[in-house]
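Being a predicted model, the structure only gives us computed values, none of them experimental. In what follows, chains carry the letters A, B, and so on, assigned in the order in which the sequence lines appear, proteins first and then strands, with residues in each chain numbered from 1.
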Number of protein chains: 2
Amino acid sequence: MGRRSDHTREQIHAMALESAEQIVDQQGYAGLTARKVVAGFGYTVGTLYLVFRNLEDLVLQVNGRTLDRLTEAATAAAAAAPPGKPRIEALARAYIDFARAWPQRWAMLHQFTLPANPPEWYQERAGRGFALVFEALQPLAPPDQVAHATFTLWGAIHGICMLELTHRIHLTRGESVESLVTSLIDNFLAGLAVRNRSEGK
Amino acid sequence: MGRRSDHTREQIHAMALESAEQIVDQQGYAGLTARKVVAGFGYTVGTLYLVFRNLEDLVLQVNGRTLDRLTEAATAAAAAAPPGKPRIEALARAYIDFARAWPQRWAMLHQFTLPANPPEWYQERAGRGFALVFEALQPLAPPDQVAHATFTLWGAIHGICMLELTHRIHLTRGESVESLVTSLIDNFLAGLAVRNRSEGK
DNA sequence: ACGTCCTATTGAACAAAGTTCAATTAGTGC
DNA sequence: GCACTAATTGAACTTTGTTCAATAGGACGT
């Protein structure tokens, strides 16, 4: 076949991303191949390289979308919760729910080896989640410690999710991710409050 | 060439693991190929399959060794520190130091997709680090909460390490991983103490 | 010394992967 | 209807994991 013009470049670009997401959902990152992606929307392999520099580029963009959706869910959750501790808990919950709803896309975020110099837009998108936690922590920590506490909480919640979702350690008994994260937040915020009180004296 | 008998199967097995580790250190998990591994100690590709079922098997065993070494370092660190909070801090430090010393091997631990049913020995080795934290937390949490607290701390420390080592978020200013982990431990343990005191009333 | 096994090791061969690009063919305009 | 153009193709190349018939070199008996 030759010229078809059934779709614009933008449409092909979008269809490729969606096809890729479907494959990742079903077969994981390891099951993603160039030929499968294009077969998913009725084109052949050469076409993929009209729209992406290479497979790495495609994966990077899929991950970018995943980050966007995660941020979107987290933003909505934060807006619906009252400020203070409930909002922190809502953010954590949103993160857990997202990872559970899209386990393969979430896993790909971490399995993919970023190129040496990740593009600007990717780092920007990855950082947006951080900003959400930062805002939510404002009323709970002294101004000069908010950034520090944000990194700590953010990393910690992520790490706990990882425990469950990689099945690297099997949580027995009542140790759900929810209860782990709840106790982390409880203890961390309680500790933050206590330590500031005693320092204030 | 034909029969050489320069090395026993055990020796070839060991040389392959070492060669693989060297490649991973230099070029990362993505740079690891069957032919490179055997070329590293002067054999050809077929030989690899005499000693490993496939590449996945090899990677699993390399990861097993990495886990062992991490556990070893952590055990030594825990033994050298007095019980209580200092021991927790020593464990965290050992984890951070290890990840910094062997960034590529550490990264491979997480980039590698475990097979559907990971072998028994792998899960056992992955769980040993957990036991160390569990013991160290004994004097700091009520018996029925130690396991819970262990999962929380373990996950949290891991998550914070991930922040730095994947360069997914750049830590600016004074936010070293050390200071983040220290504040996590401080706040978490302080919170644990406070909440238990008030519940005891 | 020599020939005969025997098996450890080889490396050619295959399938499947990413990537490229000359050829092709369906639109577009005259 | 014809020529032109560029969107799309898919064959071709490289590199990968994996297999296995062929081979070469050691061991052993005579």
Side-chain angles (χ1 to χ4, degrees), chain A residues 1-24 26-63 104 108 111-116, chain B residues 1-24 26-63 104 108 111-116:
Chain A
M1 249 194 264
R3 183 169 180 165
R4 288 180 8 190
S5 302
D6 287 348
H7 304 96
T8 65
R9 246 129 228 257
E10 282 83 30
Q11 286 176 316
I12 292 176
H13 182 262
M15 289 191 298
L17 288 179
E18 266 158 47
S19 173
E21 282 167 351
Q22 210 178 337
I23 293 166
V24 170
Q26 289 166 7
Q27 312 175 40
Y29 177 34
L32 189 73
T33 75
R35 285 170 176 83
K36 275 193 218 162
V37 169
V38 286
F41 59 98
Y43 276 71
T44 53
V45 66
T47 305
L48 196 67
Y49 293 82
L50 251 91
V51 170
F52 299 97
R53 198 141 33 88
N54 48 34
L55 254 208
E56 184 181 75
D57 184 25
L58 188 160
V59 173
L60 208 58
Q61 294 194 33
V62 169
N63 279 350
Q104 299 280 24
M108 190 165 83
Q111 295 179 301
F112 176 64
T113 310
L114 283 174
Chain B
M1 251 193 264
R3 182 172 183 164
R4 286 181 8 189
S5 302
D6 287 346
H7 304 96
T8 66
R9 246 131 228 258
E10 282 82 32
Q11 286 176 317
I12 292 176
H13 182 262
M15 289 190 300
L17 289 179
E18 266 157 48
S19 173
E21 282 167 350
Q22 210 179 337
I23 292 166
V24 170
Q26 289 167 7
Q27 312 176 39
Y29 178 33
L32 189 74
T33 76
R35 286 171 177 81
K36 274 193 220 164
V37 169
V38 286
F41 58 99
Y43 275 72
T44 53
V45 66
T47 304
L48 196 67
Y49 293 83
L50 251 90
V51 168
F52 299 96
R53 197 141 36 84
N54 49 34
L55 250 207
E56 185 181 74
D57 184 23
L58 187 160
V59 173
L60 209 57
Q61 295 194 32
V62 170
N63 279 350
Q104 299 282 22
M108 190 166 82
Q111 295 179 299
F112 176 62
T113 311
L114 282 174

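- In terms of phosphate contacts, B:T47 brings no side-chain nitrogen or oxygen within less than 4.0 Å of OP1 or OP2 of C:dA8.
- At least one donor-acceptor pair under 3.5 Å links the side chain of B:S19 to the backbone N or O of B:V37.
- Between A:I12 and the choices A:D6, A:T47, A:L48, the side-chain contact (heavy atoms from CB on, under 4.5 Å) rule is met once, by A:T47.
- Going from atom CZ of A:R53 over to atom C1' of C:dC21 covers 19 Å, rounded to whole Å.
- A donor-acceptor pair under 3.5 Å is formed between the side chain of A:Q11 and the backbone N or O of A:T8.
- Less than 4.0 Å separates DNA chain D from no heavy atom of any residue of residues 9-24 of chain B.
- When each of B:Q22, B:Q104, B:K36 is checked for a side-chain hydrogen bond (donor to acceptor under 3.5 Å, both in side chains) with B:Q27, only B:K36 meets the rule.
- Mapping B:R35 and B:D6 onto DNA chain C via the closest heavy atom, the residue that lands nearer the 5' end is B:D6.
- Between the NE2 atom of B:H7 and the P atom of C:dT10 there is a distance of 11 Å, rounded to whole Å.
- Taking atom CZ of A:F52 as the reference point, atom C1' of D:dT8 lies 17 Å away to the nearest angstrom.
- Taken from OH in A:Y43 to NE2 in A:H7, the straight-line distance is 5.0 Å, to the nearest 0.5 Å.
- Put simply, OH on A:Y43 is 9 Å from C1' on D:dA7, counting in whole angstrom units.
- Rounded to an integer number of Å, the gap from B:Y29 OH to D:dG17 C1' is 12 Å.
- Atom CD of A:E18 sits about 6.5 Å away from atom CD of A:E21, to the nearest 0.5 Å.
- Between the CG atom of A:L48 and the C1' atom of C:dA17 there is a distance of 13 Å, given to the nearest Å.
- The phosphate of C:dT20 has neither OP1 nor OP2 within less than 4.0 Å of any side-chain N or O from A:Y49.
- Side chain of B:T44, nearest nucleotide from D:dG10, D:dT18, C:dT10: C:dT10.
- Residues A:E56 and A:T113 approach most closely at OE2-O, 4.5 Å, considering heavy atoms.
- A:L58 comes within 4.0 angstrom of no nucleic acid atom, judged by non-hydrogen atoms across all strands.
- Between B:L55 and B:G46, the residue anchored closer to the 5' end of DNA chain D is B:L55, taking for each the nucleotide with the nearest heavy atom.
- At whole-Å resolution of the value, CZ in B:F41 and C1' in C:dT9 are 12 Å apart.
- The residue B:L50 sits close to a base: some heavy atom pair falls under 4.0 Å.
- If you measure from atom CG of A:N54 to atom C1' of C:dG18, you get 9 Å, rounded to the nearest angstrom.
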